[in-house]
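Here's the structure we're looking at; comments come further down.
Sequential numbering from 1 along the given sequence is applied to the chain's residues.
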Amino acid sequence: MAADVPPDWTVHVSRTYTPADTDRELEYRLYRHESDDLRVKVAPASLDGDDRPGYALTATSYPELEFSETHRIRTVLTFERCAELARDFMVLFSTSYDGAGSLETAREYAAERTRSHR
């Protein structure tokens, strides 16, 4: 699991669970950038109130602060595909991030490229 994470990212939380209303196992993973200013989440879309099946990739800037912002990047059908997109997002973010002043620019760059990725 950690081998799939780019060098300046860590797996912050990783869980597998089975909801009470189904026997299908679901996964949840939260990644943290070394700056601690950005977190990326791969989780069932239903956790964010979406009624579509699949997994949502979201990014939260400045987590745990009053002015944090969460952006949905993309929703796909499987956990594996969403985790692959998360890795792509993290690499794209890392290559364009150059400190606190560029966080929003780097996040938006990575988000746009990940949204258009097949």
Using the rule that two of Ile, Leu, Val, Met, Phe, Trp, Tyr join whenever any of their side-chain heavy atoms come within less than 4.5 Å, decide whether L57 and L92 are in one cluster.
no

Rounded to the nearest 0.5 Å, what's the gap from CZ on R72 to NZ on K41? Could you check?
8.5 Å

Contact check, side chains of R29 and V11, non-hydrogen atoms, under 4.5 Å:
yes

Does any part of the side chain of E27, heavy atoms only, come nearer than 4.5 Å to the side chain of E80, both counted from C-beta?
yes

Does some side-chain heavy atom of T16 sit less than 4.5 Å from a side-chain heavy atom of F79?
no

Please give me the minimum heavy-atom distance between I73 and F89, naming the atom from each residue.
CD1-CE1, 4.1 Å

Please say which of H33, R39, E34 ends up in a side-chain contact (heavy atoms from CB on, under 4.5 Å) with D36.
R39

Report yes if some heavy atom in the side chain of V5 is under 4.5 Å from a heavy atom in the side chain of T10; otherwise report no.
no

Gap between atom OG of S96 and atom CZ of R107 - 0.5 Å precision
11.0 Å

Measuring only between side-chain heavy atoms, which start at C-beta, is V76 closer than 4.5 Å to L85?
yes

Is any side-chain heavy atom of S102 less than 4.5 Å from a side-chain heavy atom of Y109?
no

Do F67 and Y62 have ring centroids that are under 6.0 Å from one another?
yes

Stepwise side chain to side chain contact (heavy atoms under 4.5 Å, CB included) check, D4 with W9:
CA-CA 10 Å; D4 294 339; W9 290 84; over 6 Å; no

Does any pair with a residue in residues 85-95 pass salt bridge (charged side-chain N to carboxylate O under 4.0 Å, His left out), and if so which ones, sequence neighbours excluded?
none

CG on D8 to CG on L38, rounded to 0.5 Å:
10.5 Å

Within a 6.0 Å radius of atom CZ on R113, are there more than 12 heavy atoms belonging to other residues, nucleotides or ligands?
no

Under a 3.5 Å distance rule, please check whether T78 uses its side chain to pair with a backbone N or O of R81 as donor and acceptor.
yes

Taking only residues two or more places apart in sequence or in another chain, which ones pass side chain to side chain donor-acceptor pair (under 3.5 Å) with E112?
R115

Taking atom OG1 of T114 and atom CD of E84, what is their separation to the nearest 0.5 Å?
11.0 Å

Looking at CG of L77 and OH of Y55, how far apart are the two atoms once the value is rounded to the nearest 0.5 Å?
9.5 Å

Could you state the interatomic distance from OH (Y97) to CG (D37), rounded to the nearest 0.5 Å?
5.0 Å

Full working for side chain to side chain contact (heavy atoms under 4.5 Å, CB included) between Y31 and V42
CA-CA 8 Å; Y31 302 93; V42 174; 4.1 Å; yes

